[in-house]
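Here's the structure we're looking at; comments come further down.
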Amino acid sequence: MTLRLCVIGNSHIAALKLGWDRLIADNVPGWEAVEPVFFGAPSDGMRHVALQGTALVPTRPKIASHFRQLSGGYDRIELSRFDAFVLVGLNVSSKRILRLYKSHAWVGLAGTAGKTLVHPAFAAAFLTERYGTTQLVEHARTIAEATDRPVLALAEPHWADWARQAPEGTSDYGWDAAITAGDGPALGQMFETAVGAALAPQARFIAQPPQTVADGITTRGAYNKEASRLISGEGGGTDASHMNADFGLACWDALQPALAAARDRKGVSA
């Protein structure tokens, strides 16, 4: 039997698709019993998708077109067709915690000068509430309420470490200030704690693979090299926010234990 897996995301789904293509091309053992179908839309396009009966259906033709392109022809997600779900990105990123860090800090952090000092529990509760309003959590809740199938979730990757010294004109969310102060690991841990809490109990949060993380709050440059926002892997160009096939492979490795548990639950041999 095959584990029918639904992968839903925004542009960050590209790294997962490219990584999957590599797994199949290299005949990596352990994945022959998994059959993923990819659905998504760039930016915040997934907010134009709603539950209609037992399906997630785009409410705009352009989003339905994205669905057909990525999935191989499906313009809606029939939830009953799948044994498990993986949500990717959907506007959950560490940029939100870095924005807070520019004006607030909490006990245990070093970069407190000129900031409002709050209790760590307050910061965790505030961030949990804020991440709870994102598309990642909202879609997880919708799926969990409509089906009893397991839901796994991946956040958007931390930006590439070269963003610390990005050229003029590149967005600066404060990576360099956080890392220079020595607060990168603590902020990265707070991010994982808050997102995990926001998703529970609807979905299980799978943290960014540790081998891809630099300084706790950025992504190692090797996983950003030749990254593409396009699901085909074509288009060229490298930006700090999107990752490559190597990153996608690392994410599949991180997902594997949870997917194995889903296979066992379904009765598929690992």
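Owing to the predicted nature of the structure, the values given are computational and were not obtained by experimental measurement.
Checked by atom type and distance alone, the side chain of Thr180 never pairs as donor or acceptor with a backbone atom of Ala177 at under 3.5 Å. Thr59 places a side-chain N or O within donor-acceptor distance of the main-chain N or O of His48, the cut-off being under 3.5 Å. Judged by distance alone, the side chain of Glu35 and the main-chain N or O of Leu3 form no donor-acceptor pair under 3.5 Å. A donor-acceptor pair is defined here as one N or O able to donate and one able to accept, closer than 3.5 Å; such a pair exists between the side chain of Ser93 and the backbone of Lys95. Although no hydrogens or angles enter the test, the distance criterion places no donor-acceptor pair under 3.5 Å between the side chain of Glu138 and the main chain of Leu136. A donor-acceptor pair under 3.5 Å is formed between the side chain of Glu156 and the backbone N or O of Asn91. Distance alone, capped at 3.5 Å, places no donor-acceptor pair between the His242 side chain and the Ala15 backbone. The backbone N or O of Ala222 lies less than 3.5 Å from a partner atom in the side chain of Asn244, making a donor-acceptor pair. At least one donor-acceptor pair closer than 3.5 Å links the side chain of Arg220 to the backbone N or O of Val213. At distances below 3.5 Å, at least one donor-acceptor pair connects side-chain atoms of Trp252 with backbone N or O atoms of Leu16.
Residues in residues 56-70 take part in these salt bridge (Lys or Arg N to Asp or Glu O under 4.0 Å) pairs, two or more places apart or across chains: Arg68-Asp75.
Taken from CD1 in Ile206 to CD in Gln256, the straight-line distance is 12.0 Å, to the nearest 0.5 Å. How far CG of Leu259 is from CG of Leu152: 6.0 Å, rounded to the nearest 0.5 Å. Ile179 CD1 to Thr218 OG1: the interatomic distance, rounded to the nearest 0.5 Å, is 4.5 Å. A distance of 11.5 Å separates CG in Leu187 from CD in Glu192, rounded to the nearest 0.5 Å. The distance from atom CG of Leu90 to atom OG of Ser11, rounded to the nearest 0.5 Å, is 9.5 Å. Going from atom CZ of Phe247 over to atom OG1 of Thr212 covers 4.5 Å, rounded to the nearest 0.5 Å.
Minimum heavy-atom separation, Gly19 to Leu249: O-CD2, 3.4 Å. Counting all heavy atoms, side chain and backbone alike, Asp183 lies closest to Ala110 at OD1-N, 2.8 Å. Closest of all the heavy-atom pairs between Gln208 and Pro157 is OE1-CA, 3.3 Å. Here the closest heavy-atom approach between residue Leu98 and residue Gly174 is recorded as CD2-O, 3.9 Å. Scanning both residues, Ser241 and His12, for their nearest heavy atoms gives O-CE1, 3.0 Å. Contact between Gly132 and Val137 at its shortest, heavy atoms only, is O-CG1, 3.7 Å.
Ring geometry for Phe126 against Phe122 counts as parallel: the plane angle stays under 30°, on a 0 to 90° scale with 60° as the upper cut. Using cut-offs of 30° and 60° for the angle between ring planes, the Trp31 and Trp20 rings count as perpendicular.
Between Thr193 and Leu127, every side-chain heavy-atom pair lies at or beyond the 4.5 Å cut-off. Using a 4.5 Å cut-off on side-chain heavy atoms (C-beta onward), Leu154 and Leu255 make contact. Glu78 places a side-chain heavy atom less than 4.5 Å from the side chain of Thr54. You'll find the side chain of Tyr173 reaches within 4.5 Å of the side chain of Arg99, heavy atoms only. Residues Val88 and Val7 are in side-chain contact: their nearest non-hydrogen atoms beyond the backbone lie under 4.5 Å apart. For the pair Cys6 and Val37, the minimum side-chain heavy-atom distance is 4.5 Å or more. For the pair His66/Phe39, no side-chain contact is recorded, criterion being any heavy-atom separation below 4.5 Å from C-beta on. Side-chain contact between Met46 and Asn10: absent, with no pair of heavy atoms (C-beta onward) separated by less than 4.5 Å.
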Show your reasoning for whether side chain to side chain contact (heavy atoms under 4.5 Å, CB included) applies to Phe67 and Tyr74. CA-CA 6 Å; Phe67 273 26; Tyr74 299 105; over 6 Å; no
List the steps and the verdict of side chain to side chain contact (heavy atoms under 4.5 Å, CB included) for Phe85 and Leu5. CA-CA 6 Å; Phe85 298 84; Leu5 181 65; 5.8 Å; no
Intermediate values then yes/no, side chain to side chain contact (heavy atoms under 4.5 Å, CB included), Gln202 and Val151: CA-CA 7 Å; Gln202 290 87 10; Val151 183; over 6 Å; no
Kindly indicate, with the supporting measurements, whether the criterion salt bridge (Lys or Arg N to Asp or Glu O under 4.0 Å) is fulfilled by Asp21 and Lys17. CA-CA 6 Å; Asp21 291 345; Lys17 178 62 168 64; 2.9 Å; yes
Evaluation steps, ring-ring contact (aromatic ring centres under 6.0 Å, His included), between Phe191 and His158: CA-CA 10 Å; Phe191 172 67; His158 302 308; 5.6 Å; yes
Starting from the C-alpha separation in whole Å, work towards a yes-or-no answer on side chain to side chain contact (heavy atoms under 4.5 Å, CB included) for Leu117 and Thr112. CA-CA 7 Å; Leu117 193 62; Thr112 60; 4.2 Å; yes
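For Arg96 and Tyr101, the positive end is not near the middle of the six-membered ring at less than 6.0 Å and at most 45° from its axis. In this structure, Arg149 fails the cation-pi test against Phe82, since its NZ or CZ atom is not both closer than 6.0 Å to the six-membered ring centre and inside 45 degrees of the ring normal.
Connection of Ile63 to Val57 is not established within any shared hydrophobic cluster, with ILVMFWY side chains joined at heavy-atom distances below 4.5 Å, either directly or through further cluster members. Two different hydrophobic clusters hold Ile97 and Val107 under the rule that ILVMFWY side chains link at heavy-atom gaps under 4.5 Å.
Defined by atom type and a distance below 3.5 Å, a donor-acceptor pair is present between the side-chain atoms of Trp162 and Asn224.
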